Asks: 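So that we are looking at the same thing, I have put the structure below in structure tokens.
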Amino acid sequence: MSSQNIEITLPDGSVRSYPSGVTGMQIALDISEGLARNVLAAKVNDEVWDADLPILSDSRVALLTWKDQEGKSTFWHSSAHLLAEALESLYPGIQLGIGPAINSGFYYDVDFGDLELSADELPKIEARMVELAREKNTYQRTDVSKQDAIAYFKEKKDKYKLELIEDLDDGTISFYKQGQFTDLCRGPHIPHTGFIKAVKLLNVAGAYWRGNENNQQLTRIYGVSFPKQKELLEHLALLEEARKRDHRKLGKELELFAFSEKVGMGLPLWLPKGTRLRERLEEFLRKAQVKAGYEPVITPHIGGKNLYVTSGHYEKYGKDSFQPISTPHEGEEFLLKPMNCPHHCEIYKVRPRSYKELPLRLAEFGTVYRYEQHGELHGLTRVRGFTVDDAHIFCRPDQVKEEFLKVIDLTLFVLKALNFEKFVAQLSFRDPEDHEKYIGEDAVWERAEREIAEAAAEKKLETVTEYGEAAFYGPKLDFLVKDALGRTWQLGTIQVDYNLPERFELEYIGSDNQKHRPVMIHRAPFGSMERFIAVLIEHCGGNFPLWLSPEQFAILPISEKYHAYAETLYKAFVEKGFTGSVDHRDEKIGRKIRDAEVNKIPFMLIVGEKEEQAQLVSVRKHGTGDLGQMKWAEFIEMMQKEIEVELKYN
RNA sequence: GCCGACGUAGCUCAGAGGUAGAGCGCUUCCUUGGUAAGGAAGAGGUCACGGGUUCAAAUCCCGUCGUUGGCUCCA
């Protein structure tokens, strides 16, 4: 025991002095008992430690609780151990793979041998976990030699753990034990199992040992846990809400899109209502792009194979793409286009370009086809044919930053107009360790990365920087958007590209009368129409803003007698550019209202004798209820005003 | 692609060796009804597809297609 004092710097900047060997928990106790009760782990100099590990030298220390993401991760990792303990007690003889924390919960991979675990058994396992948690067993860390570690798992006959130990260096191996269960683990863990008050095992799935399909398949049990029962209930409610908002379900119910086995998997069919929605989005962006100086272009759905040999896509993706189609007699080969950029490069090249006409911004809602593996397909978010709200900006190197700023503006405009208020911009830069993976000169990259960062900073974007996430051809700025349920989606992207201008030998004549190479910026504020609409559907739960709604109004006559009046109204609304319908069915008004509500139609107009006589409409708003009567012209104004407000950024 | 689950009427689903069921929707009739489901009748199915086992298959077995949960977020 050293009598020496060390200095502990807390996150608020305050510095406290403690004897060397003080633990995170002791510091917490010193600050307040309440804090101590909630401490899950300690972050010491950016490394997460067990709260009871002695701190030996001057350090920055943050005490992690449930409020911290790292606290949650530690909590879930410890929960995974608890799951393993429960499984071992219920199914002796099983072998364990790995059991990490994940974004939202944890899993454990288990080899049950000949045993088949069905989802029906999960509640039993949960109950066992809760039972074990109540024992408040501490998670005890022991450092072990490689030899001892091997001996332990040989005895236990756990081949997976033995394989893991093989790859570890002697002297770096540790075990954690809670209750009767010991696991190979680097840690850290929460102080004791008693923190885990609520557990839910969510599903069972197959997963390969080490993610390699040639390896043994293990049973993966996913779960989530919380320090309070209430938080579990809230989490489950959120999952339930996510199920309700699933774009595949709503897409079917609201008749937005469909799939057909005959057309082919991953090839969406846009139904009339979905098309209306999508075209409104496209129109919205088209208008914004015209203002921002883009020029629309249109290119074919296929391109000569040579085009993609030049672009490099053939070499890189050729094998994993739809195979070339060929002409019947000459055998010329064409590829379904997987990207729009090569076509746009050819547009750039139709004639020599002067520096004076740069930046040249070519925009196209270009449909592309990419082969995705069977198992990768998912609703509209992973498909084989989709439309990119693509544009390529050809500019001089000195214009990159300026263009980036403009593209950021456009992207923010789009996100705001669609009520995506929360997002972070991810700066995807080169892996600093390995510049070999990337093409282009260091100086050019450094400049581009600096300028992207500056542009993001100037726009006051909240950013995260990810090294190694750049494309091989240039750095990116990706928009990670949070939806109404707090889930993150990568939508828009802006990418700098030095590769294609090189490969296509793009040039412009500079003011020095010399040839120069332009820089290309790829950008797509939506990303793809399919994916964006999927996210939009889930974000708003199918309750689209009025301007996007495929059916903006439904006129509901009280009875047949008022059909003529309903028709007059219908014509007037359509005249003003709104879409909707008249419910001619021989049903009572309650029924018509119910069906319109179920179909999430923003405005219902009930018309009967009173309305017809005074040229009124009774307005009912979806999800809100009766708004009372008004002149039908006033109603049109009301809709127009609502759309104006929705598009206030326009 | 690999593993598991699933595929029955337009939709949501029940049925588990013995000739196909419900609710909603659809059609027709009655009803002309004022803010979330009026009543009656009717039509609608090669039980995904192809083989096999069986006296008999939607049901059991094999294959194909499709849908779906997963397939390192590294002890």
Side-chain angles (χ1 to χ4, degrees), chain A residues 73 76-77 80-81 84 96-109 116-119 144 149 153 158 160-168 172-176 182-189 202-222 246 248-249 252-253 255 258-267 320 371-379 556-563 585-599 604-611 618-629:
Chain A
S73 292
W76 284 326
H77 184 192
H81 278 233
L96 299 169
I98 60 169
I102 52 176
N103 268 345
S104 157
F106 58 90
Y107 67 79
Y108 219 111
D109 283 347
E116 285 258 334
L117 183 82
S118 92
V144 291
F153 282 104
D158 205 323
Y160 305 105
K161 296 292 179 189
L162 284 168
E163 203 181 313
L164 290 170
I165 295 167
E166 282 302 312
D167 298 340
L168 299 174
T172 66
I173 302 175
S174 56
F175 280 2
Y176 273 83
T182 302
D183 201 358
L184 169 72
C185 186
R186 160 204 305 159
H189 280 284
L202 296 163
N203 58 345
V204 182
Y208 296 98
W209 172 236
R210 299 196 149 181
N212 183 338
E213 64 187 54
N214 298 316
N215 286 342
Q216 170 77 30
Q217 179 147 21
L218 307 176
T219 304
R220 174 168 297 180
I221 302 178
Y222 283 92
D246 190 320
R248 293 167 301 180
K249 180 172 134 68
K252 194 184 263 184
E253 285 172 3
E255 296 190 348
F259 291 91
S260 146
E261 288 189 19
K262 283 209 175 102
V263 172
M265 60 166 102
L267 298 169
D320 297 316
Y371 172 77
E372 297 282 355
Q373 290 196 100
H374 186 162
E376 302 284 348
L377 299 172
H378 180 91
L556 314 178
I558 295 284
S559 84
E560 225 176 338
K561 292 182 232 160
Y562 314 105
H563 281 189
R585 292 175 309 162
D586 182 10
E587 292 291 350
K588 290 201 193 171
I589 196 66
R591 180 48 182 276
K592 293 183 182 182
I593 286 169
R594 181 189 144 79
D595 289 344
E597 288 282 359
V598 167
N599 283 307
M604 287 152 276
L605 304 163
I606 290 107
V607 294
E609 194 178 354
K610 289 175 269 176
E611 288 80 4
S618 283
V619 182
R620 181 185 164 105
K621 190 168 185 168
H622 170 59
T624 307
D626 196 353
L627 299 186
Q629 296 180 331

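Note that the structure is predicted; figures quoted are calculated from it, not measured. Residue numbers start from 1 in every chain, and the chains themselves are labelled A, B, ... in the order their sequence lines are given, proteins ahead of strands. No hydrogens, no waters, no symmetry mates; every other heavy atom, side chains included, goes into these values.
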Asks: A/Leu168 near the nucleic acid: base, sugar-phosphate alone, or nothing, with a heavy-atom cut-off under 4.0 Å?
Replies: base

Asks: By the 4.0 Å heavy-atom rule, please label A/Ile98 as base, sugar-phosphate, or nothing.
Replies: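 Answer is sugar-phosphate: A/Ile98 comes under 4.0 Å of backbone atoms only.
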
Asks: Select base, sugar-phosphate, or nothing to describe what A/Thr172 touches, counting heavy atoms under 4.0 Å on all strands.
Replies: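 Base contact - A/Thr172 has a heavy atom under 4.0 Å of at least one base atom.
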
Asks: Is A/Ala596 touching bases, backbone alone, or none of the nucleic acid, heavy atoms closer than 4.0 Å?
Replies: nothing

Asks: Could one point to a donor on the side chain of A/Asp586 or the base of B/rU31 with an acceptor on the other under 3.5 Å away?
Replies: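 Per atom types, the contact qualifies.
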
Asks: Checking all strands, does A/Glu611 fall into the base, sugar-phosphate, or nothing category for heavy-atom contacts under 4.0 angstrom?
Replies: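 If one applies the 4.0 Å heavy-atom cut-off, A/Glu611 turns out to touch a base.
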
Asks: Does B/rU35 have its OP1 or OP2 closer than 4.0 Å to a side-chain nitrogen or oxygen of A/Lys621?
Replies: no

Asks: So what does A/Gly590 hit on the nucleic acid, given a heavy-atom distance under 4.0 Å: a base, only sugar-phosphate, or nothing?
Replies: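 Since only primed, P, OP1 and OP2 atoms lie under 4.0 Å of A/Gly590, the category is sugar-phosphate.
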
Asks: When you measure from the side-chain N and O atoms of A/Tyr222 to the phosphate of B/rC71, is any distance below 4.0 Å, counting only OP1 and OP2?
Replies: yes

Asks: Whom does B/rU27 pair with, Watson-Crick or G-U wobble, provided both distances fall under 3.5 Å?
Replies: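 The base-pairing partner of B/rU27, which may sit in any strand shown, is B/rA41.
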
Asks: Checking A/Glu597 side chain against A/Gly623 main chain: does a donor-acceptor pair fall under 3.5 Å?
Replies: yes

Asks: Can you tell me the Watson-Crick or wobble partner of B/rU68, both distances under 3.5 angstrom?
Replies: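 Answer to the pairing question: B/rG4, which forms a Watson-Crick or G-U pair with B/rU68.
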
Asks: Categorize A/Asn203 for me: base, sugar-phosphate, or nothing, with a 4.0 angstrom heavy-atom threshold over every strand shown.
Replies: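 Sugar-phosphate, no base atom in range.
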
Asks: Under 4.0 Å from OP1 or OP2 of B/rC71: is there any side-chain N or O of A/Arg210 that close?
Replies: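 For B/rC71, neither OP1 nor OP2 has a side-chain N or O of A/Arg210 closer than 4.0 Å.
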
Asks: Hey, does A/Ile102 reach any base, or is it just sugar-phosphate, or nothing, if we go heavy atoms under 4.0 Å?
Replies: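 Base: the residue A/Ile102, judged by heavy atoms under 4.0 Å, touches a nucleobase.
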
Asks: Let's test this: given Watson-Crick or G-U wobble pairing with both distances under 3.5 Å, identify the partner of B/rC47.
Replies: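 Base partner found: none.
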
Asks: Look at the side chain of A/Gln629 against the base of B/rG34 and say whether a donor-acceptor pair falls under 3.5 Å; ignore hydrogens and angles.
Replies: no

Asks: Base, sugar-phosphate, or nothing: which does A/Lys610 touch, judged by heavy atoms less than 4.0 Å apart?
Replies: base

Asks: Taking any strand in view, what nucleotide pairs with B/rU35 in a Watson-Crick or G-U wobble way, both distances under 3.5 Å?
Replies: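 Base partner found: none.
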
Asks: Just checking A/Thr219: base, sugar-phosphate only, or nothing, at a heavy-atom cut-off of under 4.0 Å?
Replies: nothing

Asks: Give the rounded distance in Å between these two atoms: CD of A/Glu560 and P of B/rC29.
Replies: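 Result: 11 Å.
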
Asks: Just checking A/Arg186: base, sugar-phosphate only, or nothing, at a heavy-atom cut-off of under 4.0 Å?
Replies: base

Asks: Any base atoms under 4.0 Å from A/Glu587, or only sugar-phosphate, or nothing? Heavy atoms, all strands.
Replies: base

